[in-house]
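The next block holds one structure in the form of structure tokens; read it before the comments.
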Amino acid sequence: MKRLRACVVGAGGYGGAGITELLLSHPAVEIAALVDKADVGAPMSALYPNLKGFVDMPLLAPDDPALEWDFDVVFCATPDGVGQSLAPALVEKGIRVVDFSGDFRFDSAAAYADYAERIGRPKLHAAADLLAKSAYGLTELHREAIAGALVVGNPGCLAISSILGLAPALARGLVEKEGIVCDCKTGVSGAGKKPSPQFHYPARYEAVNAYKVGAHQHVFEIERELGLVAGGEVQVTFVPHVVPATRGILATLYATLAKGVSADEAQAAYEEFYRDEYFVRVSPPGTQVSTSQVRGSNFCHVSVNVDRRTETLIVVSVIDNLVKGQAGSALQNMNVMFGLEEKLGLTRPGLYP
């Protein structure tokens, strides 16, 4: 079998390192180049010593003449704005793109403009013509579109945990569309590799805080995707918190139960919705889920609970923000794009405890 030639742009960041680690064990992929603007010429293993003897190739500059851009797939593990500047030329060469930023999470220039305004970027998309040819990379909900897409926009990590946690409830009419609350806790690695004072160890140790309250950009993805499965507009109150952990997301999701829905019916609906989804595991009633169960894996564990006193559905959804929330989803999407077995290179369990 001919192996796919893959290039990782932004290889030096956490997302780039994550997809590089996963590609190492993928039997159908060859890592052909690692690209970054920083640490050019340094071996990848100098940045990440755990890769010594596995990936010792040097990081190349984006304009290095040795780069011929003759790849099958390019992973853009880059900040917003980079993927949309690179994608048109890559697609023209027949290269398919998986972008880690918000550049291709929206299928229209108008939808992107709302998101761009929230994060302080120009509203005009540099590759607007490609938006209609892109797919939102939540494989469990958009498998068919991803298979035919030239560009896939990987979802935000907080969005993945929230959408997977709430999609069955809205798709099956278990809850009301109004009054939904997404309360999410995320590890510090979600802020990326670049140092900053608020993520300095003394500032983070034993510290928990909410951030971007009522102003987080992932809310656009969450509301759109939940609206699609619900068949109507959905608005959520979304509040993320950063906790003193390296990785992991725990989303506690609240919604008012539709009249007459029992705990058993809710549990059964979730189990049926995800029956054929390898990477989503619905826990038995009364069991807890923890970020320690999914650390280092591409799994999402979901716990379904009913508060009968307040008639509230409470769903707890956990993922590893760097795997299912980033690099793992990217590889899962690549597998679908190239007609490979979806779980290829992703079947490792969580690193527990």
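Note that the structure is predicted; figures quoted are calculated from it, not measured.
- Closest approach of Ala38 to Leu59, counting heavy atoms only: O-CD1, 3.8 Å.
- Judged purely by distance below 3.5 Å, without hydrogens or angles, the side chains of Asn335 and His26 pair a donor atom with an acceptor atom.
- In this structure, Arg172 fails the cation-pi test against Phe273, since its NZ or CZ atom is not both closer than 6.0 Å to the six-membered ring centre and inside 45 degrees of the ring normal.
- Tyr136 carries Arg224 over the face of its six-membered ring, with the cationic atom under 6.0 Å from the centre and within 45° of the normal.
- A distance of 10.0 Å separates OG1 in Thr291 from CD1 in Ile249, rounded to the nearest 0.5 Å.
- Considering all non-hydrogen atoms of both residues, Cys300 and Ser317 come closest at SG-OG, 3.4 Å.
- Atom CG of Asp276 has 12 or fewer heavy atoms from other residues, nucleotides or ligands within 6.0 Å.
- Ion pair Glu117/Lys123 flagged as a salt bridge, since at least one NZ, NE, NH1 or NH2 atom sits closer than 4.0 Å to an Asp/Glu carboxylate oxygen.
- Looking only at side-chain heavy atoms (C-beta outward), Val175 and Thr256 stay at 4.5 Å or farther from each other.
- The closest side-chain heavy-atom distance from Ile319 to Phe299 is not below 4.5 Å.
- Of the N and O atoms on the side chains of Asp264 and Ser262, not one donor lies less than 3.5 Å from an acceptor on the other residue.
- Between atom CG of residue Leu67 and atom CG of residue Leu60 there is a gap of 5.0 Å, rounded to the nearest 0.5 Å.
- No donor-acceptor distance shorter than 3.5 angstrom exists from the side chain of Asp56 to the backbone of Pro43, with no hydrogens or angles considered.
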Assess whether side chain to side chain contact (heavy atoms under 4.5 Å, CB included) is satisfied between Tyr278 and Thr347, documenting all intermediate values. CA-CA 9 Å; Tyr278 178 78; Thr347 54; 4.0 Å; yes
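- In this structure, Tyr115 and Phe106 have tilted ring planes: the angle between them lies in the 30° to 60° band.
- A salt bridge links Arg5 with Asp70: the closest approach of a Lys/Arg side-chain nitrogen to an acidic carboxylate oxygen falls below 4.0 angstrom.
- A salt bridge links Arg247 to Asp320: at least one charged side-chain nitrogen sits closer than 4.0 Å to a carboxylate oxygen.
- Contact between Ser134 and Phe104 at its shortest, heavy atoms only, is OG-O, 4.0 Å.
- Salt-bridge formation is detected for the pair Glu311/Arg308: a Lys NZ or Arg NE/NH1/NH2 atom is positioned less than 4.0 Å from an Asp or Glu carboxylate oxygen.
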For a side chain to side chain contact (heavy atoms under 4.5 Å, CB included) check, start with the C-alpha distance between Cys76 and Val82, then their side-chain angles and the critical distance, and finish with the verdict. CA-CA 8 Å; Cys76 289; Val82 178; 5.7 Å; no
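- Checking side-chain atoms of Thr287 against main-chain N and O of Ser283 turns up no donor-acceptor pair under 3.5 Å.
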Take Gln84 and Asp99, measure what side chain to side chain donor-acceptor pair (under 3.5 Å) needs, and give me the verdict at the end. CA-CA 9 Å; Gln84 60 183 275; Asp99 184 75; over 6 Å; no
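- In the hydrophobic clustering of this structure, Leu257 groups with Val229; members are Ile, Leu, Val, Met, Phe, Trp, Tyr whose side-chain heavy atoms approach within less than 4.5 Å, directly or through other members.
- For the residue pair Asp103 and Gly83, the shortest heavy atom distance occurs at OD2-N, 3.4 Å.
- Remark: the backbone N or O of Ala109 is not paired with any side-chain donor or acceptor of His125 at under 3.5 angstrom.
- No donor-acceptor distance shorter than 3.5 angstrom exists from the side chain of Arg204 to the backbone of Val188, with no hydrogens or angles considered.
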Before giving the answer on side chain to side chain contact (heavy atoms under 4.5 Å, CB included), spell out for Leu22 and Arg348 the whole-Å C-alpha distance, their side-chain angles and the decisive distance to 0.1 Å. CA-CA 10 Å; Leu22 292 176; Arg348 65 191 192 186; 3.8 Å; yes
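- Here the closest heavy-atom approach between residue Ala207 and residue Pro244 is recorded as O-CD, 3.1 Å.
- Below 30°, between 30° and 60°, or above 60°: for His218 and Phe238 the angle between ring planes is between 30° and 60°, a tilted geometry.
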Under the side chain to side chain contact (heavy atoms under 4.5 Å, CB included) criterion, do Leu166 and Cys182 qualify, and how do the steps go? CA-CA 9 Å; Leu166 286 167; Cys182 303; 3.8 Å; yes
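- Here Asp307 contributes atom CG and Tyr254 contributes atom OH; the two are 10.0 Å apart, rounded to the nearest 0.5 Å.
- Side-chain contact check for Ser329 and Asn298: no donor-acceptor pair (N or O, by modelled atom type) lies under 3.5 Å.
- A donor-acceptor pair is defined here as one N or O able to donate and one able to accept, closer than 3.5 Å; no such pair exists between the side chain of Gln235 and the backbone of Glu178.
- The ring-ring contact (aromatic ring centres under 6.0 Å, His included) search around Tyr274 returns none, not counting sequence neighbours.
- Of all non-hydrogen atoms in Pro49 and Leu47, the two that sit nearest each other are CD-O, 3.6 Å.
- Atoms CG and CG, on Asn321 and Leu250 in that order, are 12.0 Å from each other to the nearest 0.5 Å.
- Checked against the 6.0 Å centroid criterion, the rings of Tyr211 and His216 qualify as a close aromatic pair.
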For residues 147-160, dump all side-chain donor-acceptor pairs below 3.5 Å to protein atoms at least two apart in sequence or in another chain.
| from | atom 1 | to | atom 2 | distance (Å) |
| --- | --- | --- | --- | --- |
| Asn154 | OD1 | Asn333 | ND2 | 3.0 |
| Asn154 | ND2 | Gln326 | O | 2.8 |

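- Taking a cutoff of 4.0 Å between a charged side-chain nitrogen and a carboxylate oxygen, Glu271 and Arg281 do not qualify as a salt bridge.
- Side-chain atoms of Lys212 and Gln217 include a donor-acceptor pair closer than 3.5 Å.
- Between Asp39 and Lys37 there is no salt bridge, since no side-chain nitrogen of the basic residue lies less than 4.0 Å from a carboxylate oxygen of the acidic one.
- Counting only N and O atoms by type, the side chains of Gln332 and Glu140 include a donor and acceptor under 3.5 Å apart.
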